[in-house]
Amino acid sequence: MANPTWWKDEVIYQIYPMSFKDSNGDGIGDIPGIIEKLDYLQDLGITMIWLSPMYKSPMVDNGYDISDYRDVNPMFGTMADLDEFIHQAKERGIKVILDLVINHTSDQHEWFQQALADPTSKYRDYYIFKEGRGENGDEAPTNWRSNFGQNSSWTRVPNSTEWYHHVFAPEQPDLNWENPALREEIYDMINWWLEKGIAGFRVDAITFIKKDQDFADIEPDGNDGLGKVKRKTENRPGIEVFLKELNEKTFKPFNAVTVGEASGVPYEEYDQFIGDEGYSSMIFDFKYADIDIFSGSEMYKQRDWTIDEWRDRIFKSQESIQKVGWNANFLENHDQPRSVSKFIKDPAWRNHYGATALGTLYFFLRGTPFIYQGQEIGMLNAERHDISEFNDISTHNNYNRALEEQWAPADALKAVNRRSRDNARTPMQWDATSNVGFTTGTPWLATSGNAAEFNVLDEAGIATSTLEFYREMIQLHFRSELTDTLINGRFEPDYTVPDSVISYYRVDDNHRVQILVNLSKDVQSIPEMTGEIKLNNWDNSLTVVDALQPYQAIVVEK
């Protein structure tokens, strides 16, 4: 019988196809380019690839607006290329999971086009249409604001008094999960992919599929008179019916891994999502990742935070999830800024030490570690000087929303520079040439500007590089005598160290492993400890430790 929790033994690497490797010089990453780099990924030590959307799409939201679930976007290649990628990955012992975007489609999807063309067709009920308010239907059905930070979550149908709903961009109409026929279409599509041999899915925005059916106004929370759409559409009562059915009819029969992007779920409900009979294998917890902002949909509203506050959020996440299920541990993804720019407050330490300190901190937590492309070389945020330099639709909306809230343009630009999703989408830095080894043409998105300091070619084989440190972490976590402890051992917090240090244990009957990370620019005294130091981003020759250097991280077998 297949191991039902096989995914606990994986280390997952996320690829954003547009930005990973361009094989044909058009400036856009593609599937043949990914195949070229499979040996690199195998050598790194990862065991699974999460491939961000490569489906047919007009790319309004960079592929998260799907116009055909069963076809590949020509800019990335062909279905034959994708089949070859899955095959070549398997030959190297690497599994593949895809993004599953089923809260919405593109407005160019055949279903939506049919719904617009014929209001009496079955496809009209595949989406959410409501009559507008006012004498001529000129006002939106509710005062809900789009999750992308600006404007209504309703768009009027041309030459009609009806409006359609979209949690995200107007070009991403929401599917009507109340319709059983729509759900069956979705399940059939999912099973078609699983039969192709993929290992599972990262499930996008899944907590938005259930909307409050009263479609009532909410208290405004901005100068525009609108309120956050998530208050009526995120993790709402009744969603459990859809999620159970989805699991039973697709994932469970294939023993597939599912990683839920399940925002808005309180810890008290995690057992429903990732318990023994949960809807997903594991879950991303944004409660610690988004410590720098008040709301994920309002990136321009940022807040200060302290190391001990971040520590407490990480510890709460670990202890809460440990009681009921499994974590998906991450610092970066396609929607997050670069972690070194985000979490290392002193710019002077946004280097090997800062990057490896953060890597050590999250990589040995209980759960499956995710690495986002470029994280393993310590890539940093870009800096744009004008809003026109940004590609991301959410960045533009947040910038405009900040201006509406009377922010100065310079302050609004500074805020979105720190948090823009473009930061994660700049081309992967393979070398220090002008186009960073990503393409022979002009990159679709300007490079980050820091490739001279952070690139694969210059870090490969250098013992003191971030890239080699990530290889060491993977070896220690998954291919050492401590592997069983680091995968299955329980998490124990440690509060005996200074507030600038995060320390915790992984423990089972055979081993006790301590992870200590100094997240400050100052030397921090700690209780003297002995034991075998298994990993150290400063000096591996030490045998006794009573202080941590700035951004020093160590893993010690007690």
Side-chain angles (χ1 to χ4, degrees), residues 13-16 18-21 29 44 289-293 299 302 305 307 310 330-363 370-386 389-392 394-395 413-439 443-460 462 464-470 473 517-521 537 550-551 553:
Y13 187 96
Q14 183 188 357
I15 289 178
Y16 194 72
M18 287 188 75
S19 301
F20 191 64
K21 184 65 172 75
L44 180 61
D290 285 340
I291 193 170
D292 60 322
I293 52 175
M299 68 171 70
Q302 295 165 6
W305 54 276
I307 299 301
W310 194 35
F330 74 104
L331 290 177
E332 298 182 15
N333 62 33
H334 62 288
D335 284 337
Q336 296 281 335
R338 291 295 181 177
S339 58
V340 181
S341 297
K342 176 179 174 180
F343 293 119
I344 305 300
K345 295 192 174 188
D346 186 341
W349 291 94
R350 290 173 182 166
N351 52 22
H352 163 77
Y353 295 106
T356 52
L358 290 175
T360 306
L361 171 63
Y362 95 101
F363 205 79
F370 284 69
I371 302 169
Y372 180 72
Q373 63 183 49
Q375 179 183 330
E376 76 274 21
I377 56 173
M379 281 181 66
L380 301 180
N381 283 355
E383 184 177 356
R384 312 301 193 198
H385 303 288
D386 189 88
E389 298 175 36
F390 291 92
N391 170 271
D392 173 38
S394 179
T395 300
L413 185 66
K414 184 178 180 180
V416 296
N417 251 315
R418 283 197 299 262
R419 250 290 175 170
S420 173
R421 302 190 302 177
D422 278 356
N423 286 313
R425 301 174 184 186
T426 57
M428 176 69 178
Q429 294 168 184
W430 297 103
D431 59 36
T433 59
S434 60
N435 288 342
V436 301
F438 164 70
T439 181
W444 71 275
L445 181 67
T447 61
S448 70
N450 49 61
E453 299 172 271
F454 311 101
N455 70 80
V456 171
L457 182 63
D458 290 339
E459 293 190 28
I462 305 301
T464 56
S465 72
T466 300
L467 176 58
E468 294 303 326
F469 191 85
Y470 263 78
M473 288 198 301
V517 181
N518 179 10
L519 288 176
S520 77
K521 61 183 180 180
N537 69 343
Y551 294 95

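- Remark: the Asn518 side chain and the Ser520 side chain contain an N/O donor-acceptor pair separated by less than 3.5 Å.
- Of the possible donor and acceptor atoms, none in the side chain of Glu459 sits under 3.5 Å from a partner among the backbone N and O of Ser465.
- If you take CG on Asp292 and CZ on Arg418, they are separated by 8.5 Å, rounding to the nearest 0.5 Å.
- Here the side chain of Ser341 pairs a donor or acceptor atom with the backbone of Asn381 at under 3.5 angstrom.
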Report the C-alpha separation of Thr447 and Phe438 in whole Å, then their side-chain angles, then the decisive distance to 0.1 Å, and conclude whether the side chain to side chain contact (heavy atoms under 4.5 Å, CB included) test is met. CA-CA 9 Å; Thr447 61; Phe438 164 70; over 6 Å; no
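- Side-chain atoms of Gln302 and Arg419 form no donor-acceptor pair, as typed in the model, at a separation below 3.5 Å.
- Side-chain atoms of Trp430 come within 3.5 Å of backbone atoms of Phe20 as a donor-acceptor pair (strictly under, hydrogens ignored).
- Taking every heavy atom of both residues into account, Phe363 and Ile371 meet most closely at CE1-CD1, 4.0 Å.
- To the nearest 0.5 Å, the span separating CZ on Phe343 from CG on Leu361 amounts to 9.0 Å.
- Judged by distance alone, the side chain of Gln375 and the main-chain N or O of Gln373 form no donor-acceptor pair under 3.5 Å.
- Relative ring orientation between Trp444 and Tyr16 is described as tilted, the plane-to-plane angle lying within the 30° to 60° band.
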Side chain to side chain contact (heavy atoms under 4.5 Å, CB included) between Ile307 and Trp305, intermediate numbers included: CA-CA 7 Å; Ile307 299 301; Trp305 54 276; 3.9 Å; yes
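- Between Thr433 atom OG1 and Asn455 atom CG the span is 8.5 Å, to the nearest 0.5 Å.
- Closest approach of Ala446 and Thr426 over heavy atoms only: O-CG2, 3.5 Å.
- Between the side chain of Asp386 and the backbone N or O of Glu389, no donor-acceptor pair lies under 3.5 Å.
- With hydrogens and angles ignored, the 3.5 Å screen pairs no side-chain donor or acceptor of Asp458 with any backbone N or O of Asp431.
- Tested against Arg421 for a side-chain hydrogen bond (donor to acceptor under 3.5 Å, both in side chains), the candidates Asn391, Thr395, Asp335 yield a single pass: Asp335.
- Taking each heavy atom of Ala451 and Val436 in turn, the nearest pair found is CB-CG1, 3.4 Å.
- Judged by distance alone, with hydrogens and angles left aside, the side-chain atoms of Asn333 form a donor-acceptor pair with the main-chain N or O of Gln336 at under 3.5 Å.
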Could you walk me through whether Met428 and Ile15 pass the side chain to side chain contact (heavy atoms under 4.5 Å, CB included) check? CA-CA 10 Å; Met428 176 69 178; Ile15 289 178; over 6 Å; no
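- Side-chain atoms of Tyr372 come within 3.5 Å of backbone N or O of Ala424 as a donor-acceptor pair.
- For the pair Gln14/His334, a side-chain contact is recorded, criterion being any heavy-atom separation below 4.5 Å from C-beta on.
- Considering NE2 of His352 and CD of Glu468, their distance stands at 10.5 Å, rounded to 0.5 Å.
- Using a distance-only test at 3.5 Å, with no hydrogens or angles considered, a donor-acceptor pair links the side chain of Asp422 to the main chain of Asp392.
- Nearest heavy atoms, Tyr353 versus Thr356: O-OG1, 3.3 Å.
- The NZ atom of Lys521 sits 13.0 Å away from atom CD1 of Ile344, with the distance rounded to the nearest 0.5 Å.
- Within 6.0 Å of the NZ atom in Lys345, the count of heavy atoms belonging to other residues, nucleotides or ligands exceeds 12.
- How far CD of Gln429 is from CZ of Phe454: 8.5 Å, rounded to the nearest 0.5 Å.
- With Glu332 contributing its side chain and Arg338 its backbone, the two residues share no donor-acceptor pair below 3.5 Å.
- Minimum interatomic distance between Ala553 and Asn537 (heavy atoms only, all atoms of both residues): N-OD1, 2.7 Å.
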Which is it for Leu467 and Leu44 under the side chain to side chain contact (heavy atoms under 4.5 Å, CB included) test, yes or no, and what are the steps along the way? CA-CA 8 Å; Leu467 176 58; Leu44 180 61; 3.9 Å; yes
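- When all heavy atoms of Ala382 and Asn417 are compared, the closest pair comes out as O-OD1, 4.0 Å.
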